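A short write-up of the structure that comes next.
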There are 2 protein chains.
Amino acid sequence: MLTDAHASVLRLINQFGPLSRTELVGQLGISKASMSALAADLIDRGVLAEGEIVYGAGRPSVRLELSPNSAFFVGVSLATSPFTLTLTDLRGGVLSATELSHGAGPAAIVAEIAAAIADLLASHPQAHGRLAGIGLAVPGVVDAATGTCVRSTLLDWRDVPIGSCVAEATGFPAYVENDANALALGEHLFGSLRGCDHATMIAVGDGIGCGHIINGELHRGARGGAGEIAHATVEPGGLPCQCGKRGCLDTLASVRSIAAAARAAGLDCGLAALDSAANRGERAAIDILHGAGAALGLAIAQIVQSLDPARLVVGLTDGPVEGLFARVIRQTVEANVMPDDARRLDLTITRLENQAWAVGAASIAAGRGFFRV
Amino acid sequence: MLTDAHASVLRLINQFGPLSRTELVGQLGISKASMSALAADLIDRGVLAEGEIVYGAGRPSVRLELSPNSAFFVGVSLATSPFTLTLTDLRGGVLSATELSHGAGPAAIVAEIAAAIADLLASHPQAHGRLAGIGLAVPGVVDAATGTCVRSTLLDWRDVPIGSCVAEATGFPAYVENDANALALGEHLFGSLRGCDHATMIAVGDGIGCGHIINGELHRGARGGAGEIAHATVEPGGLPCQCGKRGCLDTLASVRSIAAAARAAGLDCGLAALDSAANRGERAAIDILHGAGAALGLAIAQIVQSLDPARLVVGLTDGPVEGLFARVIRQTVEANVMPDDARRLDLTITRLENQAWAVGAASIAAGRGFFRV
DNA sequence: CTGCTTTGGTTCAGCGAACGAACAAACGTC
DNA sequence: GACGTTTGTTCGTTCGCTGAACCAAAGCAG
């Protein structure tokens with residue numbers, strides 16, 4: 001197995017790209033002797049390979065790079081509709097993405113995952129014997145240590161040991177994580193949060209999900225309930241939410257709620273159409289998008305004040321990333337964060353592809369098996 | 001120096017009280033051989049001592065306990081008025097607490113600290129040669145790694161390397177931390193958050209401070225700005241705050257703001273008096289306390305939703321811990337946290353003694369030098 | 001072309017922290 | 001008093017890491 005020292009080498013190379021042994025020695029603070037042995041070992045296992053040779057004064061240095069084909073990971077998203085399944089390599093590259101039927105119970109899902117993986121292995125011979133694990137992104141509260149879904153309203157699950165079921169059915173190690181957490185880890189390892197040790201990822205889709213990277217690690221909270229900002233109250237006494245409370249962020253800023261408000265106002269309910277209407281000056285559209293953006297911006301500002309992340313990414317599954325909604329989010333964050341910090345927060349609003357969830361799920365497996373995140 | 005293994009032994013004994021070697025082996029997952037050597041070493045250094053002998057079946061076990069007199073720490077609070085300075089032992093026990101003059105510039109403060117420590121050592125011979133470090137709790141943004149205060153509006157400081165100044169003037173290692181963080185770490189090591197790896201401490205005094213313990217460690221954020229909930233917006237468009245924004249938590253729930261609101265309503269401005277007035281049914285008093293409690297409760301609910309702490313302690317420097325203010329805080333938290341989580345959050349509202357800040361500061365030194373927190 | 005300098009990377013003996021296994025210690029029990 | 005049980009120590013070994021010496025591969029000066 002890989003030691004912690006091995007993992008830190010892989011983390012650094014994944015973060016900064018190919019590095020020479022000497023550069024790694026400088027970053028890790030270990031001796032040249034140890035580094036030499038570590039590199040030899042990792043090359044021996046096929047995880048690293050010698051790449052570009054850099055000429056300077058003295059002996060040229062050899063960059064070490066990740067061998068993408070040394071390990072593969074399957075990611076399953078139960079957070080999207082339909083469920084999706086991807087095969088990725090050690091560098092986060094996507095080799096294949098398929099859809100599963102939005103199946104009935106856990107047993108049917110497990111069977112379908114097993115069948116899909118068998119298909120994948122048949123069509124991707126390079127992955128044979130090198131599938132290192134399966135990651136599962138589940139919408140709801142998850143006990144990552146035991147791989148069980150404690151509670152999911154969307155799936156109508158309660159204490160489902162989905163991890164061990166998948167591991168048993170497939171013969172590969174399976175890891176379970178909350179959907180937003182999987183997304184955050186995926187971005188941390190391979191995406192827009194790469195290398196950022198204090199970051200927050202917020203996904204705005206039908207619902208709103210949030211995952212925090214703290215000190216380079218996923219923050220799950222005391223009972224796996226961290227990041228549940230969808231049901232943070234942003235408007236006391238506001239609209240009733242399905243969770244039983246009132247004025248939750250979810251009732252104001254989720255794509256579902258925005259669409260519902262648009263329908264109630266007699267407007268086309270797509271986010272893009274709504275943004276166009278707002279651009280044409282339609283009052284109702286402006287009000288809806290403004291309300292949603294202000295609510296989300298306020299929630300983000302509170303996160304920034306409380307956690308002080310270096311970077312925060314908002315992923316939108318729908319609508320323009322430069323529209324009124326996004327503009328109001330930015331403005332509200334800037335207006336509600338202490339000036340000194342606001343200038344330093346790196347806030348990105350980007351499009352969130354459907355595939356990102358499954359890639360995030362796969363990165364959970366990569367993180368546990370290789371990068372120790 | 002102490003290794004990480006040494007520190008984990010000390011952490012466990014500090015958390016659970018005296019433990020036998022065999023119990024420690026079970027908790028730490030190390031071998032009996034290693035544990036035996038570790039214990040011998042720590043006893044040799046005088047940090048641990050053999051205590052109670054427990055008889056059962058087989059050979060009796062010997063509980064190992066912390067020797068309180070093996071190390072002492074000085075804590076300086078620049079967050080209280082006047083500044084305070086305490087001497088504590090390895091178990092967090094307070095041997096002495098003195099007041100410093102609320103001095104002028106950094107240089108004067110450093111000189112006064114050095115003088116106070118010289119006095120302390122003279123009057124406490126048992127601490128001679130065993131003073132392990134000095135902790136400084138500073139109101140404002142702090143770079144804990146370098147021991148500098150980046151910015152403090154209260155002290156009117158900017159980039160003051162107070163840590164190295166104190167270290168140089170006294171000859172002892174000095175550690176600097178934000179005041180609320182120091183308080184949180186103090187409670188984590190020796191107080192009401194002892195042994196709780198996911199916890200939040202909120203101090204309500206003239207201002208409002210907040211420190212998070214995440215994964216057993218202090219969470220400082222990307223730039224030391226974590227926990228700044230005082231200036232989180234809880235009432236968009238509310239009263240103007242000295243920070244330049246509007247509707248900050250500070251403008252509603254700090255003791256200063258409550259007193260100001262009471263004065264404006266023509267009431268006695270002490271929190272205890274206000275609570276009595278509310279009990280007598282005085283409308284204005286009820287409104288003020290209700291508004292303050294609701295604002296703080298809402299902010300707490302948002303923290304709980306985002307971070308999922310196992311325990312959360314609110315420390316009040318003033319007023320009754322069972323009064324209307326506290327009641328409304330509890331109610332608001334319960335009403336604004338998702339039901340499943342609310343039942344599991346351990347929320348305590350307690351009195352915060354002035355001395356706690358300096359004890360927290362001392363615990364920073366204990367944490368760095370001994371417990372590795 | 002030949003050595004010298006500079007930097008990158010490897011080899012090797014040694015140290016220290018961890019381990020398993022065997023052993024010694026100190027009780028209750030029959 | 002022999003025996004089982006549990007606690008704690010001792011001993012030899014392994015393993016990861018280290019510094020120091022060494023080898024390798026370039027540029028560069030003469």
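Since this is a predicted model, take the numbers as computed values, not measurements.
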For [X], which contact category applies under a 4.0 Å heavy-atom criterion: base, sugar-phosphate, or nothing?
| X | answer |
| --- | --- |
| B:S61 | sugar-phosphate |
| B:S20 | sugar-phosphate |
| A:A39 | nothing |

Whole angstroms only, please: what is the [atom1]-[atom2] distance between [X] and [N]?
| X | N | atom1 | atom2 | answer |
| --- | --- | --- | --- | --- |
| B:R63 | D:dT7 | CZ | P | 11 Å |
| A:Y55 | D:dA24 | OH | P | 17 Å |
| A:L24 | C:dG8 | CG | P | 12 Å |
| B:L28 | C:dA17 | CG | P | 16 Å |
| A:D41 | C:dT10 | CG | P | 13 Å |
| B:M35 | D:dT9 | CE | P | 9 Å |
| A:I53 | C:dT7 | CD1 | P | 19 Å |
| A:L2 | D:dG16 | CG | P | 12 Å |

Q. Do you see a donor-acceptor pair shorter than 3.5 Å between the side chains of B:D308 and B:H198?
A.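 Judged by distance alone, the side chains do not pair up.
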Q) When A:I134 is tested against each of A:T170, A:I364, A:V176 for side chain to side chain contact (heavy atoms under 4.5 Å, CB included), which residue passes? A)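 The single option meeting the side chain to side chain contact (heavy atoms under 4.5 Å, CB included) with A:I134 is A:T170.
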Q | Of A:A57 and A:I30, the one whose closest DNA chain D nucleotide lies more 5' | A |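 By nearest-heavy-atom nucleotide position, the 5'-most residue is A:I30.
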Q | Contact nearer the 5' end of DNA chain D, comparing B:E23 with A:L38 | A |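 Residue closer to the 5' terminus by nearest nucleotide: B:E23.
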Q | Donor-acceptor contact below 3.5 Å, side chain B:S8 vs main chain B:D4 | A |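 Yes.
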**Q.** Check: A:P60 and A:V54 side chains under 4.5 Å, non-hydrogen atoms
**A.**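 With C-beta onward as the side chain, the pair stays apart.
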Q) Do B:I30 and B:L38 come within less than 4.5 Å of each other through their side chains, counting heavy atoms only? A)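 A side-chain contact exists here, since the closest heavy-atom pair is under 4.5 Å.
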Is there a side-chain polar atom (N or O) of [X] under 4.0 Å from OP1 or OP2 of [N]?
| X | N | value |
| --- | --- | --- |
| B:S34 | C:dC19 | yes |
| B:T22 | D:dG8 | yes |
| B:R21 | D:dT9 | yes |

Name the closest nucleotide to the [X] side chain, picking from [options].
| X | options | answer |
| --- | --- | --- |
| B:R59 | C:dG20, D:dT6, C:dT7 | D:dT6 |
| B:P60 | C:dC12, C:dC27, D:dA26 | C:dC27 |
| B:K32 | C:dA17, D:dC11, D:dT9 | D:dT9 |

